[in-house]
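Inspection log for the structure reproduced underneath, given as structure tokens.
Indexing begins at 1, ligand by ligand and atom by atom, following the structure's order. Computed from heavy atoms alone, side chains included, the values below leave out hydrogens, waters and symmetry copies.
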Amino acid sequence: MSRLELLPAVDVRDGQAVRLVKGASGTETSFGEPLAAALAWQSAGAEWLHLVDLDAAFGTGSNRELLAEVTGRLDIKVELSGGIRDDESLAAALATGCTRVNLGTAALEAPEWVAKVIAEHGDKIAVGLDVVGTTLRGRGWTRDGGDLYEVLARLDSEGCARYVVTDVNRDGTLTGPNLELLRNVCAATDKPVVASGGVSSLDDLRAIATLVPEGVEGSIVGKALYEQKFTLEEALEAVSR
Ligand SMILES: O=C(O)c1ccccc1N[C@@H]1O[C@H](COP(=O)(O)O)[C@@H](O)[C@H]1O
């Protein structure tokens with residue numbers, strides 16, 4: 001059986017690595033230079049980085065050059081996210097050499113374009129299903145964007161390769177992952193699921209790892225690492241068995 005992949009997160013706002021609470025603009029805690037954070041996770045053994053342009057997601061600006069620099073300096077796989085909503089932003093994201101991109105708002109507001117890029121780029125495209133209850137959220141998680149299971153069925157029928165499932169109300173709260181949501185999404189799709197939101201402890205990661213047979217492939221880890229609830233080395237060890 002595969003082990004759970006871990007994706008430390010570097011979310012960038014105004015050039016700084018930050019963590020938000022429930023994705024709300026204005027709740028930022030800064031953790032310094034994004035490149036330093038990314039290199040630290042790589043040195044600690046990360047195989048993946050989840051790298052987010054929050055300004056692009058919120059529509060308040062762009063950290064595109066900085067994210068391209070960070071991606072270019074890493075040897076590990078990068079999942080790039082935030083503000084990838086059209087041909088131009090997708091081309092720029094893919095040109096960084098990232099392993100895959102994660103689309104959020106576009107999957108809700110530009111379904112035809114998303115179907116096209118899924119057909120063109122296959123598993124280089126993941127879709128972020130960012131939910132409150134079973135309602136999807138877009139535009140920096142500020143706007144409702146439809147029903148989770150309806151959108152999932154549509155994306156599945158278009159061949160979407162992978163989903164990044166975030167419980168918005170758990171994100172940045174250290175209150176534990178929404179295992180029921182993950183189970184329900186895995187039951188609704190055969191495609192791999194990356195869990196996001198709420199991880200606070202090694203036991204949370206072990207609990208997510210029990211869902212690998214159901215289809216959970218990985219877990220994003222953010223605040224718990226930055227607030228030193230555990231080290232990345234400990235997390236990798238915890239999910240290695
Ligand atoms: O990661 C966050 O904390 C976050 C908070 C608020 C909005 C977005 C956030 N993250 C990532 O951005 C994409 C969505 O970006 P877009 O809608 O495609 O522009 C989302 O899936 C998260 O990966």
| request: Using a strict cut-off of 4.0 Å, indicate which atoms of ligand 1 neighbour a heavy atom of Asn102. | output: 21 (O), 23 (O)

| task | Could you establish whether His50 and ligand 1 come within less than 4.0 Å of each other, counting only heavy atoms on the residue side? | result | yes

| query | Can you tell me if Asp156 and Thr189 form a side-chain donor-acceptor pair at under 3.5 Å? | reply | yes

| Protein heavy atom at shortest distance from atom 21 (O) of ligand 1 | Asp130 OD2, 2.9 Å

| Hey, any chance Leu174 and Val18 share a hydrophobic cluster, counting ILVMFWY side chains that come within less than 4.5 Å of each other, even indirectly? | no

| Enumerated ligand 1 atoms positioned under 4.0 Å from heavy atoms of Phe58 | 6 (C)

| Do Ile76 and Leu7 share a hydrophobic cluster, counting only Ile, Leu, Val, Met, Phe, Trp and Tyr and linking them when any side-chain heavy atoms are less than 4.5 Å apart? | no

| query | Under 4.0 angstrom from ligand 1, any heavy atom of Gly82? | reply | yes

| task | Start with the C-alpha gap between Asp55 and Ser62, add the side-chain angles, then the distance that decides, and say whether side-chain hydrogen bond (donor to acceptor under 3.5 Å, both in side chains) holds. | result | CA-CA 5 Å; Asp55 286 301; Ser62 167; over 6 Å; no

| said: Is the contact between Asp171 and ligand 1 made by the side chain, the backbone, both, or neither, using heavy atoms and a 4.0 Å cut-off? | reply: side chain

| task | Look at the rings of Tyr226 and Phe31 and say which category their plane angle falls in: under 30° parallel, 30 to 60° tilted, over 60° perpendicular. | result | tilted

| field | Nitrogen or oxygen of Thr105 less than 3.5 angstrom from that of ligand 1 | value | yes

| task | Output, in order, the C-alpha distance, side-chain angles, deciding distance and verdict of side-chain hydrogen bond (donor to acceptor under 3.5 Å, both in side chains) for Arg13 and Ser25. | result | CA-CA 10 Å; Arg13 185 127 210 220; Ser25 189; 2.6 Å; yes

| request: Looking only at protein heavy atoms, identify the closest one to atom 1 (O) of ligand 1 and say how far it is in Å. | output: Asp11 OD2, 3.1 Å

| query | Which option, Ser196, Ala24, Gly140, owns the non-hydrogen atom nearest atom 7 (C) of ligand 1? | reply | Gly140

| request: Check each of Gly59, Ala106, Ser81, Ala126 against atom 22 (C) of ligand 1 and report the one with the nearest heavy atom. | output: Ser81

| request: Answer yes or no: is there a donor N or O on one side and an acceptor on the other, between the side chain of Thr134 and the main chain of Leu148, under 3.5 Å? | output: no

| Proximal candidate to atom 14 (C) of ligand 1 [heavy atom criterion; set Gly128, Gly197, Gly145, Gly104] | Gly104

| said: Under a 4.0 angstrom heavy-atom cut-off, which atoms of ligand 1 come close to Gly83? | reply: 15 (O), 16 (P), 18 (O), 19 (O)

| note | re atom 6 (C) of ligand 1, the protein heavy-atom contact at minimum distance is Trp141 CD2, 3.5 Å

| query | In terms of hydrophobic clustering (I, L, V, M, F, W, Y; side-chain heavy atoms under 4.5 Å; direct or indirect links), are Leu129 and Trp113 co-clustered? | reply | yes

| query | Can you check whether Arg139 has an N/O within less than 3.5 Å of an N/O in ligand 1? | reply | no

| said: Using a 3.5 Å distance criterion without hydrogens, assess whether the side chain of Asn63 forms a donor-acceptor pair with backbone atoms of Leu66. | reply: no

| query | Going by the order shown, which atoms of ligand 1 are within less than 4.0 Å of some heavy atom of Leu54? | reply | 2 (C), 4 (C), 5 (C), 9 (C)

| Region of Val52 engaging ligand 1 - heavy atom pairs below 4.0 Å | side chain

| field | Arg85 (side chain) donor-acceptor with Ala57 (main chain) under 3.5 angstrom | value | yes

| query | For ligand 1, which atoms, with element, lie under 4.0 Å from some heavy atom of Arg85? | reply | 16 (P), 17 (O), 19 (O)

